[in-house]
There are 2 protein chains.
Amino acid sequence: MQKETLCLGLLSLGPRSGYEIKQMFEGPLSDFYSLSFGTIYPTLNSLQADKYVSCKQHSQSKKPDKKVYTITKKGMELMKDNLLGDASSYIRSGNFGDQIKSEFFLLLLFSKYIPNETMNTVLNERVLYLRQKLEQFKYDGPVPGNLDAIRNEKSVSFIRGLASALIETGLNYMEKNRHLLKKKIN
Amino acid sequence: MQKETLCLGLLSLGPRSGYEIKQMFEGPLSDFYSLSFGTIYPTLNSLQADKYVSCKQHSQSKKPDKKVYTITKKGMELMKDNLLGDASSYIRSGNFGDQIKSEFFLLLLFSKYIPNETMNTVLNERVLYLRQKLEQFKYDGPVPGNLDAIRNEKSVSFIRGLASALIETGLNYMEKNRHLLKKKIN
DNA sequence: CGTATATATATCAGATTGATATATATAATC
DNA sequence: GATTATATATATCAATCTGATATATATACG
């Protein structure tokens, strides 16, 4: 999916600044996708130049102006067209996997070269992290205003349920099988 | 983890060409990490220049020479040092998540803008793909020679078991809950 | 009262990918 | 028997993206 389509999709949930879009990537989307500021800001500028979004500057006392972008009718159309195209090429491509870079799995893979004690800490920290993630995905209380819209998307309930189930499976597996990674001699 | 450490780690399983290292990334490692040719070949050249690997050219009738790289004692030491450093900074960083770019989850997220029929195909193809993956992870028969070493790593049994459990959970969840994604009206 | 973190945009060097070039063998399809 | 597609094998590079840095201020913490 192009960065343009992705930004338009997020703006379809409501007007946002570039900073707030980044917060979505660092918050609820962090486990599925991310874009850096270096991609987000230029993308918003080009979307604005082509009238796919409009922009209102909210001057804030001495902080840089907050530029709040709103998706236009033209932008909504481009987004829907692109999403249909993306779904179609996803189907045609035959490539249904995700792109993953996992430092954790690389450390596991080469664990025989890493002291037992160190690997133990790696696994402990990963377990702690996953427990936190699980709580986050199950948490149903209030969230900051700019993250509220994405939270209330119906598809997000589906995704959160899936993520919770996957993390629970992962935690159970790791607790039952981590002894398999221990080396006899260091 | 630096590309150098990763290539050395894979060469520690046995001598390989750049092409064969790429095959490892496209095969058994594809769900955890990947590097492109544009990264692998220059990395091998620089590792060779610094004597972390040695290289034997196998001239093949009219195909480009196959350059088979072997990790040196110096290379083994660098790899172990780097792995210990990587594990330590993984622990210190506090960042235990994986880097993921999932076209599938983006399509789910924006599924309300995509026709039911199209999303149905997307989900069907993803399910088919996951079933294939599951078979691959559970398959215990023979594999091509250059992928044999990684297959026989003890840590890989752990990883394959984990992957299988996760995919099974994902498949079950999707089959039970995919109706939640349907829109009433298109 | 200094330090750390949060808000907010912008830029850019450096790293990485994805595509392409080159050359041949082999398998599949028609 | 001819054509097409796929696999082997390395190399290069434009286009893209990230991660770091610059700039400026507010707020919370001890």
Side-chain angles (χ1 to χ4, degrees), chain A residues 1-7 15-27 29-30 33-49 53 55-69 89 93-95 97-101 103 143-147, chain B residues 1-7 15-27 29-30 33-49 53 55-69 89 93-95 97-101 103 143-147:
Chain A
M1 189 176 297
Q2 291 172 77
K3 51 200 190 302
E4 286 81 9
T5 314
L6 181 47
C7 287
R16 293 279 185 295
S17 67
Y19 190 80
E20 286 166 334
I21 288 176
K22 180 66 177 165
Q23 284 181 318
M24 296 170 108
F25 283 121
E26 305 227 301
L29 296 180
S30 65
Y33 218 92
S34 190
L35 292 179
S36 68
F37 282 126
T39 298
I40 293 168
Y41 286 123
T43 299
L44 290 172
N45 286 332
S46 96
L47 285 172
Q48 189 190 357
V53 301
C55 177
K56 260 190 195 164
Q57 305 234 158
H58 296 233
S59 46
Q60 310 183 107
S61 54
K62 305 275 175 69
K63 266 184 278 187
D65 284 8
K66 187 173 174 173
K67 293 168 154 186
V68 176
Y69 296 90
S89 59
S93 74
N95 179 207
D98 304 328
Q99 196 195 306
I100 301 177
K101 302 238 161 169
E103 180 83 3
V143 290
N146 52 323
L147 302 180
Chain B
M1 188 177 297
Q2 292 172 77
K3 52 198 190 305
E4 286 81 9
T5 315
L6 181 46
C7 287
R16 292 281 186 292
S17 67
Y19 190 80
E20 287 166 334
I21 288 176
K22 180 65 176 164
Q23 285 182 318
M24 295 169 109
F25 283 121
E26 305 228 298
L29 295 180
S30 65
Y33 218 92
S34 190
L35 293 178
S36 68
F37 282 127
T39 300
I40 293 168
Y41 285 123
T43 300
L44 289 172
N45 286 332
S46 96
L47 285 172
Q48 189 191 357
V53 300
C55 176
K56 261 189 197 166
Q57 306 234 157
H58 296 235
S59 47
Q60 309 183 108
S61 53
K62 304 275 177 69
K63 268 186 276 188
D65 285 8
K66 187 173 175 175
K67 293 167 152 187
V68 175
Y69 296 89
S89 58
S93 73
N95 179 207
D98 302 329
Q99 195 195 308
I100 300 178
K101 302 239 160 168
E103 180 83 2
V143 289
N146 52 321
L147 302 179

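Any value given below was found using the heavy atoms of this structure, including those in side chains, with hydrogens, waters and symmetry copies removed. Model, not experiment: these values are computed from the prediction. Labels below follow one simple rule: chain letters A, B, ... track the order of the sequence lines, proteins then strands, and each chain is numbered from 1.
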Whole angstroms only, please: what is the [atom1]-[atom2] distance between [X] and [N]?
X	N	atom1	atom2	result
Y33(A)	dT18(D)	OH	C1'	13 Å
R16(B)	dA9(D)	CZ	C1'	16 Å
Y41(A)	dA10(C)	OH	P	7 Å
Q57(B)	dT10(D)	CD	C1'	10 Å
L6(A)	dC17(D)	CG	P	11 Å
L35(B)	dG18(C)	CG	C1'	14 Å
E20(A)	dA8(C)	CD	P	6 Å
F37(A)	dT7(C)	CZ	C1'	9 Å

Worksheet item: Minimum heavy-atom separation for V68(A) to P15(A), with atom names?
Response: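 Looking at all heavy atoms of both residues, the shortest contact is CG1-CB, 3.7 Å.
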Practice prompt. Could you tell me which non-hydrogen atom of T43(B) sits nearest to which non-hydrogen atom of T39(B), and how far apart they are?
Written response: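 The answer is OG1-O, 2.6 Å.
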Discussion item. Quick one about E20(A) and N146(A) (side-chain donor to acceptor, distance below 3.5 Å, no hydrogens or angles considered), yes or no?
Written reply: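 There is no such pair (donor and acceptor under 3.5 Å, judged by atom type) between the side chains of N146(A) and E20(A).
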Worksheet item: Under the 6.0 Å and 45° cation-pi test, does K22(A) pair with F37(A)?
Response: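 Yes, a cation-pi geometry.
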Is the shortest side-chain N/O distance from [X] to OP1 or OP2 of [N] below 4.0 Å?
X	N	value
K22(B)	dT8(D)	no
T39(B)	dA15(C)	no
Q23(A)	dA6(C)	no
S17(A)	dT9(C)	yes
Y19(B)	dT8(D)	yes
K66(A)	dT9(C)	no

Item to complete: Tell me, with the steps shown, if F25(A) and L6(A) meet side chain to side chain contact (heavy atoms under 4.5 Å, CB included).
Response: CA-CA 11 Å; F25(A) 283 121; L6(A) 181 47; 3.7 Å; yes
Worksheet item: Which is true for T43(B) with a 4.0 Å heavy-atom rule: it touches a base, it touches only sugar-phosphate, or it touches nothing?
Response: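 If one applies the 4.0 Å heavy-atom cut-off, T43(B) turns out to touch nothing in the nucleic acid.
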Item to complete: Could you check whether G18(B) gets within reach of a base, just the sugar-phosphate, or nothing at all, counting any heavy atom under 4.0 Å?
Response: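 The answer is sugar-phosphate, as G18(B) gets under 4.0 Å only of primed atoms, P, OP1 or OP2.
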Worksheet item: Taking K3(A) for the side chain and I40(A) for the main chain, is one N or O donor matched with an acceptor at less than 3.5 Å?
Response: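 Judged by distance alone, no pair lies under 3.5 Å.
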Worksheet item: Distance-only, no hydrogens or angles: does the E103(B) side chain make a donor-acceptor pair with backbone N or O of M1(A) under 3.5 Å?
Response: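 Yes, the answer is positive, given that a donor and an acceptor are paired below the 3.5 Å cut-off.
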Worksheet entry | Axis-to-axis angle between the two ends of the helix from dC1(C)-dG30(D) to dC30(C)-dG1(D) (five base pairs per end, rounded to 10 degrees) |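 Helix axis angle between the two ends: 50°.
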Discussion item. Both S36(A) and G38(B) contact DNA chain D. Which one's nearest nucleotide lies toward the 5' end?
Written reply: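 On the 5' side of the pair lies G38(B).
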Discussion item. For K101(B) and N45(B), find the nucleotide of DNA chain D closest to each by heavy atoms; which residue's nucleotide sits nearer the 5' end?
Written reply: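 Result: N45(B).
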Practice prompt. With the side chain of P42(B) defined as its heavy atoms from C-beta on, choose the nearest nucleotide among dT12(D), dG19(D), dT17(C).
Written response: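 Ranking dT12(D), dG19(D), dT17(C) by closest atom to the P42(B) side chain puts dT12(D) first.
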Item to complete: Quick one: pull up CG in L47(A) and OG1 in T5(A) and give me the separation to the nearest 0.5 Å.
Response: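 The OG1 atom of T5(A) is 9.0 Å from CG of L47(A), to the nearest 0.5 Å.
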